[in-house]
Amino acid sequence: TLKYLAENPVDIDQNSLGFKQFWAFFSLLNLSKIGKKCGIYKRSGHAPVRVLLEIVSLVFRGLTLFRATKSDSSPLQKDMVHRFLKRAEIDWYQWFSQIAWKVAQDFMPAMGSHQANDVLIIDDTMIERPRSKKVELLAWIWDHAKKRNVSAYQSVVLAVSDGMSVVPLDFRLKVGNHLVDASTKQVVPASTPAAARREQAHRTKLELAIDMVGRAIQNGFAGSYLLVDSWYALPAFITTIVRDHRLHTIGQVRSNFRV
């Protein structure tokens with residue numbers, strides 16, 4: 001199924017082979033059960049699983065949300081999708097993590113079995129939004145490759161590898177200190193997952209990385225080593241990982257006056 005999806009665009013026609021293969025794969029993940037754990041319930045209209053299936057399929061179909069909503073065969077409507085994605089009670093971090101953990105455990109069973117070559121990997125990347133002006137918490141961040149500030153988010157990603165395959169397990173968005181437009185900050189109920197995501201976005205990358213490593217270990221992905229780049233190879237970070245999670249850490253030590 002994975003090979004077929006990678007080599008063939010998904011036809012949204014429910015009678016097509018592409019759609020059946022796509023639906024069969026996600027049926028194995030039991031999205032309905034995962035969704036209920038993460039606060040995804042039907043309010044009105046289409047079933048949440050159907051909406052999620054349509055949204056996720058955009059990547060495999062090579063479509064944007066705008067193009068998909070213009071298609072007569074798609075039940076998606078732009079306002080419906082935006083309302084669904086903006087629901088504060090949905091824990092999207094948990095939803096993505098549950099799917100990633102299930103893929104790693106069910107489809108790559110060797111991962112997380114405490115074999116000697118299993119490693120956890122921490123890295124971060126830039127998610128640029130060069131044309132956006134009114135996106136919430138979008139900030140100016142220095143891009144070392146381009147040698148200039150760009151409007152973007154930073155994404156801190158945790159992955160697990162067995163030496164042959166790499167599966168991303170978790171991620172956190174990191175917001176810069178200089179917002180593009182401070183007026184875009186939205187107010188959400190304090191007890192919701194959306195409020196927790198906004199609080200986490202203002203934490204440091206080191207704090208986010210330590211938190212994700214702890215969650216992965218709690219879910220059985222201990223690994224033998226943690227691989228990081230020089231940005232994370234700081235004495236305080238390494239000491240915390242070794243003391244709290246008993247993980248050896250490998251990374252190029254940053255060259256500065258402290259180390």
State which residues pass salt bridge (charged side-chain N to carboxylate O under 4.0 Å, His left out) with Arg198; sequence neighbours excluded, sorted by chain then number.
->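 Arg198 satisfies salt bridge (charged side-chain N to carboxylate O under 4.0 Å, His left out) with Glu136 only.
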Return the set of residues passing salt bridge (charged side-chain N to carboxylate O under 4.0 Å, His left out) with Asp244 (not counting sequence neighbours), or none when no residue passes.
->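 Checked Asp244 against salt bridge (charged side-chain N to carboxylate O under 4.0 Å, His left out); zero matches.
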Please enumerate all residues that pass side-chain contact (heavy atoms from CB on, under 4.5 Å) together with [X], with sequence neighbours excluded.
| X | value |
| --- | --- |
| Ile217 | Val213, His245, Leu247 |
| Lys37 | Lys33 |
| Ala195 | Val188, Thr192 |

Atom CD of Glu199 with >12 non-hydrogen neighbours under 6.0 angstrom =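 More than 12 within 6.0 Å, yes.
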Working to the nearest 0.5 Å, report the span between [atom1] of [X] and [atom2] of [Y].
| X | Y | atom1 | atom2 | result |
| --- | --- | --- | --- | --- |
| Leu158 | Ile210 | CG | CD1 | 12.5 Å |
| Tyr153 | Ser132 | OH | OG | 7.5 Å |
| Met212 | Tyr93 | CE | OH | 9.0 Å |
| Asp181 | Leu138 | CG | CG | 9.5 Å |
| Ile127 | Thr125 | CD1 | OG1 | 7.0 Å |

For [X] against [Y], the heavy-atom pair lying closest together:
| X | Y | answer |
| --- | --- | --- |
| Arg203 | Asp211 | NH2-CB, 4.4 Å |
| Ala209 | Phe237 | CB-CE1, 3.8 Å |
| Thr240 | Ala236 | OG1-O, 2.9 Å |
| Ala233 | Val253 | CB-CA, 4.0 Å |

Which residue pairs satisfy the salt bridge (Lys or Arg N to Asp or Glu O under 4.0 Å) criterion with at least one member in residues 80-90, sequence neighbours excluded?
->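 Non-adjacent pairs meeting salt bridge (Lys or Arg N to Asp or Glu O under 4.0 Å): Arg43-Glu89, Arg87-Glu89.
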Pairs meeting criterion salt bridge (Lys or Arg N to Asp or Glu O under 4.0 Å) with involvement of residues 123-132, two or more places apart =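 Residue pairs with at least one partner in residues 123-132: Asp124-Lys205, Glu128-Lys146.
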What I'd like to find out is whether the side chain of [X] reaches to under 4.5 Å of the side chain of [Y], using heavy atoms alone.
| X | Y | value |
| --- | --- | --- |
| Ile250 | Leu226 | no |
| Val156 | Tyr232 | yes |
| Pro193 | Ile90 | no |
| Val166 | Val160 | no |
| Leu169 | Leu120 | yes |

Using modelled atom types only, decide if a donor and an acceptor are shared between the side chain of Lys147 and the backbone of His144 within a distance under 3.5 Å.
->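 Confirmed, Lys147 side chain pairs with His144 backbone.
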Keeping the roles fixed (side chain from Thr204, backbone from Glu207), state whether a donor-acceptor pair exists under 3.5 Å.
->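 Yes; at least one donor-acceptor contact below 3.5 Å.
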Results of ring-ring contact (aromatic ring centres under 6.0 Å, His included) for Trp92 - residues two or more places apart only |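 So Trp92 forms a ring-ring contact (aromatic ring centres under 6.0 Å, His included) with Phe84, Trp95.
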Trace of the side chain to side chain contact (heavy atoms under 4.5 Å, CB included) decision for Val167 with Trp101 | CA-CA 9 Å; Val167 177; Trp101 293 333; over 6 Å; no
Are Val119 and Ser224 close enough, and set up right, to give a side chain to side chain contact (heavy atoms under 4.5 Å, CB included), and what steps lead you there?
-> CA-CA 6 Å; Val119 296; Ser224 300; 5.7 Å; no
Review item, side-chain donor-acceptor pairs of residues 170-178, under 3.5 Å, at least two apart:
from   : atom 1 : to     : atom 2 : distance (Å)
Asp170 : OD1    : Ser97  : OG     : 2.9
Asp170 : OD1    : Arg172 : NH1    : 2.8
Asp170 : OD2    : Arg215 : NE     : 3.0
Arg172 : NE     : Gln200 : OE1    : 3.3

Could you pull out all residues at least two apart from Asp229 that satisfy side-chain hydrogen bond (donor to acceptor under 3.5 Å, both in side chains)?
->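 Once residues adjacent in sequence are excluded, Asp229 has no partner under the side-chain hydrogen bond (donor to acceptor under 3.5 Å, both in side chains) criterion.
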Residue pairs fulfilling ring-ring contact (aromatic ring centres under 6.0 Å, His included) with at least one residue in residues 181-215, sequence neighbours excluded |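 Matches after skipping sequence neighbours: none remain.
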Connected-component partners of Ile141 among ILVMFWY, side-chain separation under 4.5 Å =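 Direct or chained contacts put Ile141 with Met126, Val150.
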same_hphob_cluster(Trp142, Leu206) at 4.5 Å side-chain heavy-atom cutoff =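 No, Trp142 and Leu206 fall in different hydrophobic clusters.
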